[in-house]
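See below for the structure under consideration.
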Protein chains: 2
Amino acid sequence: MTDKDAASIELTAVIVAVTGDEPRVLTIRGGGALPTGVFESGHRSLQTGLRSWVERQTHHPLGYIEQLYTFADRDRMEGGAGGRVISISYLGLTREGRASGEHVPAWESWYRYFPWEDWRSGPSRLVARVILPRLRRWAAEATDAATRRDRARRIRATFGTSEETWNEELVLQRYELLYEAGLVPEAARSGPRAEPELLGRRMAHDHRRILATGVARLRAKIKYRPVVFELMPPSFTLLQLQRAVEALAGRRLHKQNFRRLIDQQGLVEETGEIATATGGRPAKLFRFRREVLLERAVAGTKLPLSRSA
Amino acid sequence: MTDKDAASIELTAVIVAVTGDEPRVLTIRGGGALPTGVFESGHRSLQTGLRSWVERQTHHPLGYIEQLYTFADRDRMEGGAGGRVISISYLGLTREGRASGEHVPAWESWYRYFPWEDWRSGPSRLVARVILPRLRRWAAEATDAATRRDRARRIRATFGTSEETWNEELVLQRYELLYEAGLVPEAARSGPRAEPELLGRRMAHDHRRILATGVARLRAKIKYRPVVFELMPPSFTLLQLQRAVEALAGRRLHKQNFRRLIDQQGLVEETGEIATATGGRPAKLFRFRREVLLERAVAGTKLPLSRSA
DNA sequence: CCGAGAAATGCTCGAACTGAGCATAATGGT
DNA sequence: ACCATTATGCTCAGTTCGAGCATTTCTCGG
């Protein structure tokens with residue numbers, strides 16, 4: 001390779017936990033950035049490089065990890081030193097611990113960065129009162145009629161038109177639409193707006209985009225893989241489990257049906273113990289049946305297979 | 001960044017088409033490698049870099065593209081020149097065209113690389129007669145009892161025990177298991193075996209692993225996104241469509257139910273024309289309703305949502 | 001001790017979806 | 001005209017899914 005084409009590899013982590021019914025993400029610099037570090041020649045693999053960075057910066061051990069996405073078209077060549085930056089991001093799940101370190105690590109609710117993504121108390125008022133009006137203005141101000149129609153369509157596709165059509169997985173598409181419409185601070189060329197954090201707290205570089213990617217991936221994944229359990233304590237009540245899923249999905253679930261779903265899947269077993277007072281009738285405690293991760297690689301088909309010939 | 005930590009970025013493409021009821025992948029060097037190139041400082045983005053490489057090497061235009069995975073722990077530092085290689089892979093879908101170029105591009109059936117993945121004519125005989133016996137021997141030869149049990153479990157989990165438990169999505173896991181068991185040539189330290197290509201043709205570097213990743217991703221994706229249509233001609237019969245899906249999934253589908261599924265989803269519309277003689281009664285021709293890609297971001301939930309409060 | 005409030009659990013019911021397969025309709029070939 | 005082959009329509013029963021009623025068990029304020 002020639003020096004000209006060499007790149008520096010940056011590892012960025014989206015580490016998620018759920019505490020107090022809130023989905024949290026591990027941040028540094030007082031919530032302004034995700035844990036990040038350079039992939040060094042001494043690291044054995046991407047994963048080990050990432051683990052060592054996160055642990056160095058936050059003193060927090062990681063559990064489950066999966067690769068998220070690799071970004072390269074990021075437009076910051078500030079230093080001018082030449083050479084581009086490739087950013088490889090990972091999604092990690094863990095239970096919140098006490099993070100510490102010189103980089104001021106902290107667990108922040110991810111809704112602080114995407115306040116419009118929380119529909120747990122019904123349709124987001126922020127979407128209805130602020131975002132949609134502004135987006136519609138943006139759509140209307142296009143000079144080209146085709147562009148206007150296309151913008152309107154994208155607004156409809158990503159933000160839906162009602163609680164039934166809201167699709168909680170489109171986190172990234174929504175963020176990118178807001179970005180394109182110039183409604184998030186990262187996109188504004190001018191100085192800070194007069195509305196601090198109304199449309200979510202900004203983060204350094206493209207970290208908010210990476211976070212959106214992580215949230216979207218996790219919201220999709222909880223539907224077909226038993227990953228929520230990575231975020232739960234060793235034993236928990238079914239309501240606690242439901243609250244964790246709701247925190248991630250940003251939506252309320254039907255209690256009885258949620259329970260039916262869980263035990264149909266045989267993912268948990270009773271510990272035999274009872275949760276002391278949770279406000280009403282005491283609840284049975286359950287634990288995750290880790291064996292299922294080994295038994296079945298899970299996931300069912302959706303194709304109409306035909307029986308053997 | 002210090003020079004020591006700089007890396008060269010390699011782009012690798014898994015380009016897929018379906019022709020003659022076979023899933024094909026675009027290769028170079030006579031089928032021995034995937035189209036690859038260095039991500040140069042002149043490329044605007046990863047995607048454009050990839051497109052330019054593939055088009056230069058194969059003279060073939062690309063349609064749909066998505067990022068697959070980023071590999072770094074590849075163990076070839078042959079040149080010793082220092083600096084590592086990061087390999088960013090992409091999955092592309094297109095219709096087969098005449099590829100050409102100095103690199104000898106060619107469309108190869110992907111089952112040439114993974115012959116055990118084709119179950120369209122019932123349970124793979126290769127799996128039953130060759131693979132499972134060898135894997136079981138490998139499992140049995142472990143000295144540690146726990147290792148033996150674990151190997152047996154992994155064999156069961158990835159290869160299943162019958163046609164009903166075969167999971168076509170586990171392409172990567174199966175390849176990696178075979179690799180670990182030393183059954184694929186890439187893993188063998190010694191020279192070529194006496195069984196040319198019995199367990200699939202080998203490819204340069206880790207290209208077969210990348211291909212496995214692509215096949216797995218595509219097999220998963222056809223179930224929840226209308227991506228097959230990227231591989232179809234402008235108009236087609238429902239049987240052609242079914243054969244394409246079967247080619248990708250490596251399994252036979254139930255004809256009537258497949259049709260029901262397709263039109264329930266409203267993905268196609270009649271062109272009004274009739275296919276001339278396909279061996280039996282003439283079939284209606286259909287076209288993909290591209291609008292659906294815009295309308296719905298698709299995908300349904302699986303969470304038991306509760307109605308508005 | 002009594003009644004209200006909050007949760008935990010059990011169950012039911014009808015609508016929608018799925019897996020399998022029977023039956024009939026068109027064509028080309030022998 | 002009969003056969004092989006593919007296209008299409010429809011049926012039927014088993015399962016899954018969305019909603020919601022009914023009961024059970026605790027805690028807490030009076």
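Every chain is numbered from 1, with letters handed out A, B, ... down the list of sequences.
With a 6.0 Å radius and a threshold of 12 heavy atoms from other residues, nucleotides or ligands, Arg290(B) has its CZ atom above the threshold.
Here the options are Glu168(A), Glu117(A), Glu246(A), the test is salt bridge (Lys or Arg N to Asp or Glu O under 4.0 Å), and the partner is Arg219(A); only Glu117(A) passes.
Atom pair Asn257(B):CG and dC12(D):C1' shows a separation of 12 Å (rounding to whole Å applied). In this entry the distance linking CG of Leu261(A) with P of dA19(D) reads 14 Å, nearest Å. Here dC17(D) presents its C1' atom at 14 Å from CG of Leu253(A), a figure rounded to the nearest Å. Regarding Phe258(A), its CZ atom lies at a distance of 12 Å from the P atom of dA8(C), rounded to whole Å. Distance Asp263(B) CG to dC17(C) P: 12 Å, rounded to the nearest Å. For Glu270(A) and dA8(C), the CD to P distance is 14 Å, given to the nearest whole Å. If you measure from atom CZ of Arg260(B) to atom P of dG19(C), you get 8 Å, rounded to the nearest angstrom. Atoms NE2 (His254(A)) and P (dT16(D)) sit 18 Å apart, rounded to a whole Å.
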Hey, can you pull the donor-acceptor pairs under 3.5 Å for the side chains in residues 226-239 of chain A, sequence neighbours left out?
residue, atom, partner, partner atom, Å
Thr237(A), OG1, Leu239(A), N, 3.4
Thr237(A), OG1, Gln240(A), N, 3.1

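A perpendicular orientation is assigned to the rings of Tyr175(A) and Phe114(A), their planes being inclined by more than 60° (bins at 30° and 60°).
Put simply, the side chain of Arg251(A) never gets that close to the backbone of Leu303(B): no donor and acceptor are under 3.5 Å apart.
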(request) List the steps, then state whether side chain to side chain contact (heavy atoms under 4.5 Å, CB included) holds for Val215(A) with Leu211(A). (result) CA-CA 6 Å; Val215(A) 174; Leu211(A) 178 55; 4.1 Å; yes
Produce the list of close N/O pairs, under 3.5 Å, pairing protein atoms with atoms of nucleotides 5-9 of chain D; give distances to one decimal.
residue, atom, partner, partner atom, Å
dT5(D), O4', Gly279(B), O, 3.4
dT6(D), O2, Arg281(B), N, 3.3
dA7(D), OP2, Lys255(B), NZ, 2.6
dA7(D), N3, Arg281(B), NH1, 3.4
dT8(D), OP1, Lys284(B), N, 2.7
dT8(D), OP2, Arg259(B), NH1, 3.3
dG9(D), O6, Gln256(B), NE2, 3.4

